[in-house]
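Numbering of ligands and ligand atoms starts at 1, following listing order.
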Amino acid sequence: MECDLKTSRRTACRLSADSRIDIEFQDLSYTVPEGRNGSKLILRSVNGRFQSGELSAILGPSGAGKSTLLNVLAGYKVHHATGQVSINGRLRNLKDFGKISRYIMQDDLVQPMLTVQESMMVAANLKLDLNATQQEKCNAIQEILDLLRLTSTVDTRTTELSGGQRKRLSIALELLNNPPVLFLDEPTTGLDDLSCSQCIALLKQIALGGRTVVCSIHTPSASIFSKFDSVYIMSMGQCIYQGFGLDVVFFLSNLDLHCPKHYNPADFIIEVASGEYGNYQEKLVSTIDNGRIKYCEKNDTRLTESERKFSVNGIYAEDDTPEIHSNYPKEKLGWMQQYKILLMRMWVQMWRDKCYMLLRVILHIITGVLIGNVYLGMGVDGSKTLFVFGFYFICLIFFMYIPMMPCLLQFPREFQLIKREHFNKWYRLSAYFAALTTSTLPVHLVLGCIYVMLVYFLTNQPMELNRLSMFYFICMMTAVISESLGLLIASQFSIVNSVFVGPVIAVPFMLLAVYGFGGGYYSIPKWIRIAMYCSYLRYSLEGLIQTMLTGREKLACPEHEEFCIYTDLEYFVKEIGMQDNIIWIDIAALVVIYLIFRGGFYYLLRQRLSPNKTFIALAYVGRLVKAQFAR
Ligand code: ADP
């Protein structure tokens, strides 16, 4: 990750886009299902175009459909959209468009625990050409950080950046492989006036390099409004104006809507769009034909014929059609390299989160000492066999909750980051999945070892290496299965819902693990018996009992006890109905369950990021059900 930015050369080429991309859309509609009435039309046959070399802004009152339009244009939400989006006059191919465009979402989440320079280097390693040298990467980083005025923050952790700096970093990360098209959802939200105008000035500079920069913006100040090369104003899912920002005053005055002197034109048109000056929306929509006509200049109120032809048909003359060249790396990084970079990033983040790591170590030591003392020396006490059984169960519950809870709390947030990085084609999801699976393994092994050693010796379990290692192995299997279950849940729910669903799902697993012990197995209804064998905790418990309580000599009964019923451990195992269990079947079942849960997590994560038709249908049904309940 090393890069001496002070010695990096500044090169000019990176800041100018190699290919010019013009985006045009026609009859774009977007519908979402709503309540019993069926659906809600959010975008209503809108038209428009955004040109390269221009900074374009989508404006409008809240709820006008700005984010929806941006989502559809960026290709982020296309399932309920109809209409046509053309790139340089050709119908958009989403896959190809994904390679040349980047989408910076509103919530400027950045990877925690890394410095600005490290974040940029990770992005450079993942996104730049495989053959790019370290110096070339450093130069690219330096140049972008210069442009976005982040050079003074190179050694600052991302979590310590101000709101404006964080926003600029999220733009810088996406500028690395020089995308010709940049979409930004409300890039100025949450910024103070100065940061706001700095941010827009930077976007303008980026656009001047030949890029197509489109952003949605809520209520810009007059000075910011004047910086846009083109504004696209929306009201109730339709376009009411498209053209140069300040021309809006002349455009409205033609319709007898006079912007008061010293009044911000942006505020004025938004007020008009909100209906504060009467019901002008429909008139405005029809005047510019819902975005088909671009208002140009004071004296030239409409497009020239040829421009209009372009705008209406959305097709360039064949000679004018530029090729789409993307700056996407020619030689892409392989899966293995992506995996290594992501794994390193995860390990660095874990290592830097020292307080959390220390807390986990202390927690394992305290719990180990506590449980070890509660069951002190009972492993060889013939009067305490039932207690030892309870001890095994408690150990499994510990290894169920401890790895699961952090996933439920952390992964929903992490998902938002993956969503952004994956949508912007940083890496393959399988590489991320493999890195995530590997990254937590050493932590489980070390922390699990601390706990197991403490409780094993304090409770005086048999001092045999094979029993100790099998005890440790089963505990570790329980931990990684629980982690997979936690990830599976957290990949589908918000933090609040995950933290509720996770422990609730754990309850039947615990219940089914011990259900029917003590006899009467065959009197248990068949469906419960099937359910019992779906609980991974049951296999873990059976495995521990087989490992620790079979093949041992009779235990001694302490002198102060009159009678010890379970000194013969084989007899105890028979009494609880486990004499027929085969340890290797339990181990095999744990491995299979682990693979199912991990595979399930990967599948559901992939579906959440890019759902197939079944999942789109399920999401649709889910929204309908939700809408019914919301009534
Ligand atoms: P803006 O960005 O202009 O504030 P949005 O594009 O976010 O507006 O939303 C436009 C309208 O569509 C709003 O009224 C919003 O409530 C509605 N909307 C957006 N997404 C959904 C959805 N998934 N279900 C129902 N209504 C939605």
Side-chain angles (χ1 to χ4, degrees), residues 25 27-48 50 56-83 85 103-108 167 183-191 196 213-220 224-225 228 230-242 245 248 266-267 269-276 281 284-285 290-291 416 419-420 423 492-494 497 608-611 615-631:
F25 49 100
D27 288 324
L28 212 60
S29 295
Y30 186 83
T31 321
V32 286
E34 200 184 59
R36 292 195 188 99
N37 303 335
S39 57
K40 177 179 176 184
L41 194 57
I42 297 177
L43 294 181
R44 301 196 282 155
S45 292
V46 288
N47 307 276
F50 297 118
S56 308
I58 305 174
L59 271 81
S62 185
K66 304 180 291 293
S67 302
T68 308
L69 177 61
L70 207 63
N71 284 336
V72 175
L73 290 179
Y76 187 60
K77 283 185 183 170
V78 286
H79 293 303
H80 302 290
T82 56
V85 181
Y103 187 19
I104 295 152
M105 295 161 199
Q106 198 178 341
D107 37 1
D108 45 340
K167 180 67 79 182
F183 294 102
L184 302 103
D185 192 9
E186 306 215 359
T188 55
T189 300
L191 302 190
C196 202
V213 183
V214 184
C215 63
S216 67
I217 192 157
H218 198 51
T219 40
I224 286 179
F225 188 67
F228 296 121
S230 163
V231 294
Y232 187 91
I233 300 171
M234 299 187 73
S235 168
M236 297 186 295
Q238 289 178 296
C239 176
I240 58 164
Y241 175 81
Q242 190 186 189
V248 77
D267 288 345
I269 182 107
I270 287 169
E271 283 165 13
V272 172
S274 313
E276 281 188 28
Q281 291 102 318
L284 292 167
V285 171
N290 203 0
Q416 301 304 324
K419 197 163 78 171
R420 196 200 73 203
F423 181 76
Q492 302 304 305
F493 295 101
S494 64
N497 290 346
R608 193 154 174 219
L609 290 169
S610 39
F615 275 79
I616 293 167
L618 282 175
Y620 186 84
V621 173
R623 271 201 295 269
L624 279 179
V625 173
K626 223 163 139 185
Q628 294 294 327
F629 276 112
R631 276 164 173 266

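Considering only non-hydrogen atoms, atom 6 (O) of ligand 1 lies nearest to T68 out of V72, T68, L59.
At least one heavy atom of A64 lies less than 4.0 angstrom from ligand 1.
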N/O donor-acceptor pairs under 3.5 Å from side chains in residues 71-80, not counting sequence neighbours:
{"from": "N71", "atom 1": "OD1", "to": "Y103", "atom 2": "OH", "distance (Å)": "2.5"}
{"from": "N71", "atom 1": "ND2", "to": "S67", "atom 2": "O", "distance (Å)": "3.3"}
{"from": "Y76", "atom 1": "OH", "to": "K419", "atom 2": "NZ", "distance (Å)": "3.2"}
{"from": "H80", "atom 1": "NE2", "to": "R623", "atom 2": "NH2", "distance (Å)": "2.9"}

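Listed by chain and number, the residues in a ring pair (Phe, Tyr, Trp, His ring centres under 6.0 Å) with Y232 are F25, F50 (sequence neighbours excluded).
Atoms of ligand 1 lying under 4.0 Å from at least one heavy atom of K40, given by number and element, are 14 (O), 16 (O), 17 (C), 26 (N). Ligand-side atoms of ligand 1 in range of V32: 22 (C), 23 (N), 24 (N), 25 (C), 26 (N), range being under 4.0 angstrom from any heavy atom. Less than 4.0 angstrom separates some heavy atom of I42 from each of these atoms of ligand 1: 10 (C), 11 (C), 12 (O), 17 (C), 18 (N), 19 (C), 20 (N), 21 (C), 27 (C).
Under the 3.5 Å distance criterion, the side-chain polar atoms of D185 are left unmatched by any main-chain donor or acceptor of F183. No donor-acceptor pair closer than 3.5 Å links the side chain of N290 to the backbone N or O of Q238.
Here's the thing with G65: one of its N/O atoms is less than 3.5 angstrom from an N/O atom of ligand 1. Checked by distance only, ligand 1 and K66 come closer than 3.5 Å through their nitrogen or oxygen atoms. The shortest N or O to N or O distance between G63 and ligand 1 is under 3.5 Å.
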H218/E186 under side chain to side chain contact (heavy atoms under 4.5 Å, CB included): CA gap, chis, key distance, verdict: CA-CA 7 Å; H218 198 51; E186 306 215 359; 4.1 Å; yes
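In this structure the side chain of I217 never reaches within 4.5 angstrom of the side chain of I58, judged on heavy atoms. Side chains of I104 and P187 form no contact here, defined as non-hydrogen atoms less than 4.5 Å apart.
Scanning all protein heavy atoms for the shortest distance to atom 7 (O) of ligand 1 gives S67 CB, 3.8 Å.
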